[in-house]
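Remarks on the structure that follows.
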Amino acid sequence: MPKRNDLEQKALHYVVNTGYQGVLQSDLWRELGASSREGSRVSIKLEEKGLIRRERELQEGRWTYRLYPKRLPASIQTIVDCPCLLCPDNARCDPTTAISPKSCPRLTDWILSLGKEDAAPTPAPDPSVQSTEEADDSVAESLDPR
Ligand code: SF4
């Protein structure tokens, strides 16, 4: 049986690698070759240390936990299109000079665009479908004695 600290390290590494999907506690212990009792102790320990989050989940009629990392390592993909990387003014850019990240419109635009790319576009409303609000209004109108 692996030592508990080794198991904590391995478990944390595994959970971090699952990213936003997380992993079922039982799958994790199976993967690491630990007993469910030892696994539960380790996951509680990792949660107490603030390294993971446990959420109850019903799986095949039984309650278990899904484990999520509290922090994910930063990816190079998050900055690959930052305008500073290819900026001709990069060497002269400094917060204390006229060319400054404090007043750079390219940097500001890039920062404001972050997160917008992942947002799903709002679908255009289907004109054949009556919205709930409209349906409620028509019911209200039919009940209005005026
Ligand atoms: S903050 Fe603006 S000027 Fe400065 S390096 Fe980035 S893109 Fe260039």
Side-chain angles (χ1 to χ4, degrees), residues 1-140:
M1 179 186 290
K3 286 185 195 169
R4 191 179 297 175
N5 264 357
D6 290 347
L7 200 55
E8 277 184 33
Q9 285 297 318
K10 286 179 182 169
L12 180 60
H13 186 73
Y14 194 92
V15 173
V16 166
N17 283 335
T18 64
Y20 294 110
Q21 283 190 322
V23 61
L24 287 177
Q25 193 167 269
S26 53
D27 291 346
L28 176 61
W29 307 137
R30 199 172 306 121
E31 188 68 33
L32 298 179
S35 69
S36 62
R37 172 180 252 178
E38 184 66 13
S40 294
R41 279 199 205 117
V42 169
S43 69
I44 290 169
K45 203 84 174 166
L46 290 173
E47 188 178 45
E48 286 172 354
K49 289 180 178 178
L51 299 169
I52 65 167
R53 187 178 88 243
R54 298 189 318 147
E55 285 186 10
R56 280 186 78 187
E57 186 172 309
L58 193 60
Q59 275 288 322
E60 297 169 6
R62 298 184 66 183
W63 285 105
T64 182
Y65 286 96
R66 185 172 289 273
L67 312 177
Y68 297 94
K70 282 234 176 151
R71 290 187 181 177
L72 291 172
S75 155
I76 193 74
Q77 290 304 316
T78 59
I79 60 160
V80 79
D81 57 351
C82 174
C84 302
L85 298 177
L86 297 174
C87 177
D89 294 324
N90 190 308
R92 295 180 294 147
C93 185
D94 186 294
T96 61
T97 64
I99 301 173
S100 166
K102 290 180 180 175
S103 58
C104 176
R106 282 175 291 174
L107 183 61
T108 302
D109 289 347
W110 178 72
I111 291 170
L112 292 175
S113 75
L114 296 174
K116 286 183 182 172
E117 293 146 14
D118 294 338
T122 307
D126 182 348
S128 66
V129 177
Q130 191 178 24
S131 77
T132 311
E133 203 169 285
E134 289 168 341
D136 288 347
D137 285 349
S138 64
V139 170

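Nothing fancy with the numbering, it's 1 onward along the sequence. Everything numeric in this text was worked out from a predicted model, so none of it was measured. Indexing begins at 1, ligand by ligand and atom by atom, following the structure's order.
When hydrogens are left out, the protein atom nearest atom 4 (Fe) of ligand 1 is C93 SG, 2.4 Å; that is the closest non-hydrogen contact.
Considering CH2 of W110 and SG of C84, their distance stands at 7.5 Å, rounded to 0.5 Å. To the nearest 0.5 Å, atoms OG (S40) and CZ (R54) are separated by 7.0 Å.
Here the shortest heavy-atom distance to atom 3 (S) of ligand 1, taken over I99, L107, L85, D109, belongs to I99. The residue from C82, P83, A98, C84 that puts a heavy atom closest to atom 6 (Fe) of ligand 1 is C84.
Taking backbone and side chain together, C87 holds an N, O or S atom under 2.8 Å from atom 8 (Fe) of ligand 1. One of the N, O or S atoms belonging to C104 lies under 2.8 Å away from atom 2 (Fe) of ligand 1.
When all heavy atoms of P95 and P101 are compared, the closest pair comes out as N-CD, 3.9 Å.
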Next item on the list: Step by step, work out the side-chain contact (heavy atoms from CB on, under 4.5 Å) result for L28 and V15.
Entry: CA-CA 8 Å; L28 176 61; V15 173; 3.8 Å; yes
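Heavy atoms of other residues, nucleotides or ligands lying less than 6.0 angstrom from CG of L58 number more than 12.
Atom numbering of ligand 1 starts at 1 in the shown order; those under 4.0 Å from a heavy atom of P101 are 1 (S).
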